[in-house]
Q: 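Mind having a look at this structure? Questions to follow.
Throughout, a chain's letter reflects where its sequence line sits, starting with A, and its residues are numbered from 1. Predicted model only: the values in this text are computed from it and were never measured.
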Amino acid sequence: MISYLADERRVIQWIRHLAAETPVFFPMPHGKVNFRFERVDEASELQFARYRPTIIAPNSFLTPTKEEIFKYQRVGPGRYELTPAVETTFQILAGVRPCDLKAIKLMDDVFADGERDPYYFQRRTNTSLIGYACPAPCDEMAYCESAGSLDWRDGVDVMLTPVGDRMLIQAYTERGEALTASGDFDPCDDPDAELQRHLDERPKPFGRQLHAPVDELPAILERHWDSPLWDQHVERCFSCGTCNLVCPTCYCFDVKDVSALDGSSGSRTRQWDACMLTTFATVAGGHNFRADPAARQRHRVKRKFQYLNERYDSGAFCVGCARCGRQCTTGIDIFDIVNDIVDHDRAAAGGAS
Amino acid sequence: MTMPGAFEPSPVANYLPTTAIIEEAENFTARDRYFRLSLERPLGHRPGQFVMVSVFGLGEAPISISNPPGDAPTLEMVIRNAGSLTQVLHSYGPGDAIGLRGPYGHGFDLHDFLGRDVLFICGGLGLAPLRSLIRAVIDRRGEFGRVMVISGCRTPAEEIYRPDLTAWAERGDVDIVRLVDNAANMPWKGRVGLVTEPIAGLKLDPAETVVAMCGPPVMYKFVLLELAGAGINGDRVFVDLERRMRCGVGKCGHCQINDIYCCQDGPVFRFSEIAHLKEAFL
Amino acid sequence: MKDTEKPKPKIAFFDFAGCEGCQLALLNCEDVVLDLLELVDIVEFREALSEKAHRYDISFIEGSINREEDAQRLRDIRARSKYVVALGACACMGNVQARSNFVAPAENFAVVYGEEARNRVQTDREYWPLWAHTRVRSVDEVVPVDYQLRGCPMIPEEFLSLVKSLLAGSIPFFPPKPVCVECKMNCNECVFDQGRTCMGQVTYAGCNAVCINNGYVCDGCRGLLPGANLDAHRQLLRESGLTDAQIESRYRLFCSQAETKHTGQ
Amino acid sequence: MMSDNQRSYTIEVNHVTRVEGHGSIRINTREGVVEDVKLCIVEANRFFEAFVRGMGPEEIPWIVSRICGICCVGHQLASTKAVEAAIGVVPGAQTIELRKLLNLSQFLQSHVLHVYFLAVPDFFGAPSVLPLAKTHTEVVKRALALKKLANDFTAVVGGRTLHPMANTVGGWRKVPDKDALAAIRKRLLDALPEYEATVDLVSTLEIPPYERDTEYVSLTHPDEYALYDGEVRGSDMDGTASVDSYLSICNEFTVAHSTTKWSKWHRDSYMVGALARVNNNFAQLHPKAQETAQKLGLRVPCVNPYMNNVAQVVEIVHCAYESIALIEKVLDTGLRDEDFTVTPKAGQGAGATEVPRGLLFHDYTFGDDGRCVAANAVIPTSQNINNIERDMKHFVPLMLPTMSQKDLTLHMEMLLRAYDPCISCSVHMLDVEFVGGEEHPGEPC
Ligand SMILES: Cc1cc2nc3c(=O)[nH]c(=O)nc-3n(C[C@H](O)[C@H](O)[C@H](O)COP(=O)(O)OP(=O)(O)OC[C@H]3O[C@@H](n4cnc5c(N)ncnc54)[C@H](O)[C@@H]3O)c2cc1C
Ligand code: SF4
Ligand code: SF4
Ligand code: SF4
């Protein structure tokens, strides 16, 4: 690993330099209070300090909201020619926070499960990640430390770690080394000391804290299948799916064909779906396996803190970014739901003993 | 078709269907249509697996494979007119082409049944996937103990694979119970009642019996209770769980129950392995 | 897709009380209009042509039904059509003009045409057939409707998807989900984050959140989503500073009709 | 045998096709003498002026846009101006330029639609534009391409083609994307030959030669060919009248034999629309548009209402060149997000704008609670209707001796269409007329 030091100005210069040759996406302010990843051009104002998790997580660059998987073209009676979608544009996601970095690692697991998903991995291999270690929680909602993602670095090409008024720049991969070669950086002899300084400078505890360690949550949640809390936490739910769509570890999709008017050509696409939507688990004939909003909320929460951890053994599938709680218009926060269940579990255990 | 070899799902062929031609089609019932397709090469499937059937422009649907494994480049299936795609498939007949990919999922493992008494419980269209296994068992009849089939549907007019059921009954070495919920005003020689009712009368040997079942979601709870009453252990009951599926290969999230994907880890499950999943038997 | 040839379906457009924007939206599908003509026979389209026919495979009905005379004409069209599709918000749910249902018809007359006209309408039999303003009704309040193309105006993509679907012998389907889904997929900042209010959470999607994409809010022109959590939504609007009267007016802006139906009033 | 023109007959064209909204023409002749000519509106009421009461200032333009799909931009602009006048909001220069662009795009769209889809089929003797797709494929393709360009133009500026949402009281909710705007400019430039071809096409059409002098009324502006803004000018007057005085311009009145509200100003009736604008403001047209007028034989003052179609083509050329120049100007200045917060308050105000079919007035009054208490709109078609009927009454006797009933019917339909009437709009302003003729007692025409 090669390590450098530089002030933020030079780091930004370097990112601009990269952007001149390659599409680089960076979190930029959008609207009144939000951020989104936008393509860097000459006019972009790049800043690391001001940040709130982007509306949609950067995994949309790996699994776009709507993506063509192949085109079809009728070439004769009943005969079709299929052309699978090939996406080889190289892109750089810069300023990606640790929560999102961990989420991308989780997506790597999901899309490698069983058959490797070619559409995901062709984008993944063509994407470079430049991470940024948060020196402070992005706002009062974040609970990344508690969710176990705050120190995530796995999968990055380059990691930027703020230390004092400078940044530690570390290339973790060969690609990272190639990228950093063009920066006007000073060498860093003792990266570990710098990292330690970063940790020392960081507030403790960092952000909100879940009421139980994430590795205890599967067992706790398992004990509360029938809890009335599920109903309470959906009283105000719109089943709008926002919490799914903004979540960096939600990946469910629907498959749809888009065809020319006469049906002779078109494409098969997949587009994001959301398990909080009413018809997500409806089968033909009308039976809905999760007709009740509480059942859907339970599925979502358990997916993040129990089911998928059990399947992939990669820790919690919630990375604590708090996007869902921030974007839910009605103020439902998965953090509160989980804590509520933990509190009830503790109370019940206390009462029993 | 330009993409060869799609029956061995390779990373490139993922999601890409191949073309198959319908050789024979017949309406089994008012809403269930039987198809026999000819393929370029044998499917190489196991009983209980499924394929994704496509019509370009309309999308895909998971459909169970009805024929037993073997060397014939053939695929049999029964499709119920249940929605946008299946309605269109009902207008298809011999000579028409459809798209296919698969086979997908974990089917039944014949080894779990060899040397045992085998009970099949089929509700309605549930006979379609089970037929694949029943045929495989009957083909090697000598290697199994008793072979019993309970096949139920709502009315006599809704029974599928009637010639098969008759032929199996005529063999003499297979116990067939055919029953309907309601036979009002219709010719019907079988029994009237629910698929749970004949179970007790079969005098099953709990130690020897292996069960395979498939039917509408409501059926499972009751059959499982009945089987438990007959002393049959959950590790010898195999269930076929059908959920909404979009990709068939464990990515789209629709068929997820707890930490399992019905498509990839199923659709056939050993009951004891999923008995704790509360959403499995809603 | 099957390759057998089928006769071209006959398609007709009929307009009742509305702005005719939905028909215009169709004329605005310049890229596909000519292809469409290859596949279907448009046999009645008063806004663009002078031809007429007597039986229709698909009749698209634009506009709300405001008078009994129009209801009769609609029943006649229904009898001669295989499928009836309500085209646009006026046909689907009455649209803005259904607001006048909350006011006595005579009062509406007086406001627009003056007291004298009101008196004439009320006393002179001759005026009745044209003026009889029963109530603004959606098409499905008068005849059975097979499919709805929602929105003010309707969304051409949905129109084309419906036609494609019917041409293929399939069943058109518009997934019942709220506008928030499309809004999020467009990576918009939620209007509640801007201190404004939105009908998106309880509104049937399909518009690609076009109003929010363009800096506005969702006013619900596609009607309420079946089963939407209206209590929670009203509560949210209250918490966002709206009075009950403002909330009702917001609900009534486009979907006065749908809302009364929805809540079973 | 009696010749056709000697017979007594009634021409009835119910639900005239290829016009916006439902209108019927009824002509009675007895032994070669015209007894009665009527144009009836059979559209159902929607009571806009009634149900907008209670709405806030921002809601009004958004909702009244629904008066008419074809004229939605016009209704939106006129009502926005009226609301702004009522509550004392002065929009910034950028907003005004964007509104002008929005209006230009609507002119391009509407005129192309009218000329190609609604009027041209008559000249080709086709019942509609559809058969032309086979016989005159190039013409139809060009029409579609030009319409698409104009629609995309509206969408880029206004957010979407129909009932655009970007414009609001006080400003622009989301300013257009500069790249998209630049792309529209490029497409307009590339389309100039297509607009030329449109001129060539129209130059081949045989315009009926009927003339009847009338008063021509339009906006007029010292600095430009008035489309978005200006004072009102009637061709019979010196000077101008203010928009606020619109009630004494339209002078809506009822006539003994009809319950229809008619308009007149200095004469029995007046005409608004493309021909009126071209007549009144010819000198301010873009030089290319003036050239076009010359090429098409339009010399002002022109008193042939059938020439309204030609005037529309002249305006198409004008709008194309205007749009190109204005987009360039807007891009050079750059686009900024503007604050458009509006405080509702009491007040009354009127606003006017030219829309493709003519002069449009909106007028709103807000109460102390900032909610609308009164609304009024006077639309071009209601101003024209008196003039159309008078044209018909004038032309029918001229044509009767030489024309078959069929041709006469066609000519009357063509005349109506030449005005490009928009009956959807007019419905809320017009009373329905009944013909109490003996043949059809009590039946509406
Ligand atoms: C493993 C497996 C094996 C199967 N085997 C068979 C088989 O052998 N034979 C067979 O016939 N079927 C089988 N099925 C079921 C079959 O896949 C479905 O019937 C089929 O997918 C229906 O597709 P469709 O496009 O016709 O229906 P669609 O129109 O797509 O309907 C399906 C879904 O669309 C949505 N939808 C459509 N209309 C509405 C509406 N009005 N309101 C709300 N939602 C709506 C629903 O969400 C519904 O779940 C199997 C399913 C699985 C999972
Ligand atoms: S974002 Fe909130 S309201 Fe929407 S589905 Fe999720 S929890 Fe429910
Ligand atoms: S569940 Fe919520 S907090 Fe957790 S990762 Fe998803 S969006 Fe972030
Ligand atoms: S702006 Fe409206 S549609 Fe979009 S997310 Fe918010 S509530 Fe939903």
Side-chain angles (χ1 to χ4, degrees), chain A residues 29-38 52 54-57 60 64-66 72 74 76-80 234-246 254 256-266 271-274 276-280 282 291 293 326-332, chain C residues 1-4 29 31-40 157 160-161 163-165 167-168 170 173 175-198 200-203 205 208 215 225-233 235-237 239-240:
Chain A
H30 173 73
K32 276 217 163 79
V33 294
N34 281 285
F35 283 74
R36 58 184 192 184
F37 276 88
E38 277 169 20
R52 184 191 197 229
T54 51
I55 300 169
I56 295 286
S60 62
T65 51
K66 185 171 176 185
Y72 60 86
R74 178 153 57 197
R79 292 177 52 79
Y80 285 84
V234 291
E235 255 168 36
R236 294 181 49 133
C237 176
F238 296 122
S239 298
C240 73
T242 294
C243 47
N244 297 132
L245 298 166
V246 301
D254 204 352
K256 283 208 170 78
D257 283 10
V258 181
S259 69
L261 208 52
D262 64 358
S264 66
S265 63
Q271 35 194 283
W272 290 9
D273 204 346
M276 292 299 282
L277 296 175
T278 48
T279 54
F280 183 84
T282 309
R326 252 182 235 108
Q327 298 292 342
C328 174
T329 49
T330 197
I332 297 172
Chain C
M1 194 72 60
K2 266 170 79 93
D3 294 291
T4 43
C29 302
D31 295 336
V32 293
V33 162
L34 292 182
D35 297 341
L36 184 64
L37 294 177
E38 294 291 315
L39 299 170
V40 301
E157 288 79 9
L160 293 173
S161 125
V163 170
K164 274 188 265 190
S165 194
L167 285 179
S170 184
F173 178 58
K177 53 188 179 192
V179 176
C180 295
V181 173
E182 292 169 338
C183 191
K184 287 282 93 60
M185 294 224 215
N186 282 301
C187 207
N188 289 329
E189 174 169 74
C190 180
V191 304
F192 284 89
D193 276 349
Q194 304 168 342
R196 298 184 293 160
T197 60
C198 192
Q201 297 123 319
V202 293
T203 299
N208 195 27
L225 186 68
N229 192 344
L230 302 185
D231 290 344
H233 190 246
Q235 178 61 22
L236 176 64
L237 296 186
E239 287 162 15
S240 310

Q: Do A:Arg326 and C:Cys190 have side chains that approach each other closer than 4.5 Å (heavy atoms only, starting at C-beta)?
A: no

Q: Hey, could you give me the OG1/NE2 distance between A:Thr329 and C:His233, rounded to the nearest 0.5 Å?
A: 7.5 Å

Q: Heavy atoms only, distances under 4.5 angstrom: which of A:Leu245, A:Leu261, A:Thr65, A:Asp273 has the most pairs with chain C? Name it, please.
A: A:Leu261

Q: Donor-acceptor check, side chain of C:Asn229 to backbone of A:Cys237, threshold 3.5 angstrom: yes or no?
A: yes

Q: Between C:Asp193 and A:Val33 (side chain of the first, backbone of the second, donor and acceptor by atom type, cut-off under 3.5 Å), is there such a pair?
A: no

Q: Could you give the distance from OG (A:Ser239) to CD (C:Gln201), rounded to the nearest 0.5 Å?
A: 11.5 Å

Q: Does any heavy atom of chain A fall under 4.5 Å from the side chain of C:Asn186, the backbone, both, or neither of them?
A: backbone

Q: Side chain, backbone, both or neither: which part of A:Ile56 has a heavy atom under 4.5 Å from chain C?
A: both

Q: Which answer fits C:Glu239, side chain, backbone, both or neither, if we ask what part of it has an atom under 4.5 Å from a heavy atom of chain A?
A: side chain

Q: Test your reading of the model: is there a side-chain donor-acceptor pair from C:Gln194 to the backbone of A:Gly31, 3.5 Å cut-off?
A: no

Q: Side chain to side chain contact (heavy atoms under 4.5 Å, CB included) for C:Leu236 and A:Phe238? Distances and angles first, verdict last.
A: CA-CA 11 Å; C:Leu236 176 64; A:Phe238 296 122; 3.9 Å; yes

Q: Just verifying a value: how many Å separate A:Met276 CE and C:Cys180 SG, rounded to the nearest 0.5 Å?
A: 12.5 Å

Q: Using the side chain to side chain contact (heavy atoms under 4.5 Å, CB included) rule, take C:Met185 and A:Lys66 through it: C-alpha gap first, then chi angles, then the decisive distance, then the call.
A: CA-CA 9 Å; C:Met185 294 224 215; A:Lys66 185 171 176 185; over 6 Å; no

Q: Less than 4.5 Å to any heavy atom of chain C: does that hold for the side chain of A:Glu235, its backbone, both, or neither?
A: backbone

Q: Between A:Arg236 and C:Gln235, is there a side-chain heavy-atom distance shorter than 4.5 Å?
A: yes

Q: Please report the interatomic distance NZ(C:Lys177) to CZ(A:Phe280), rounded to the nearest 0.5 Å.
A: 11.5 Å

Q: Relative to chain C, which segment of A:Val246 carries a heavy atom at a distance below 4.5 Å: side chain, backbone, both, or neither?
A: side chain

Q: Output the distance between atom CG (A:Asn244) and atom NZ (C:Lys184), rounded to the nearest 0.5 Å.
A: 12.5 Å

Q: Under a 4.5 Å cut-off applied to non-hydrogen side-chain atoms, are A:Cys240 and C:Val181 in contact?
A: no

Q: Working to the nearest 0.5 angstrom, can you tell me the gap between C:Phe192 CZ and A:Thr330 OG1?
A: 9.0 Å

Q: Would you call C:Pro178 and A:Leu277 a side-chain contact if the rule is heavy atoms closer than 4.5 Å?
A: yes

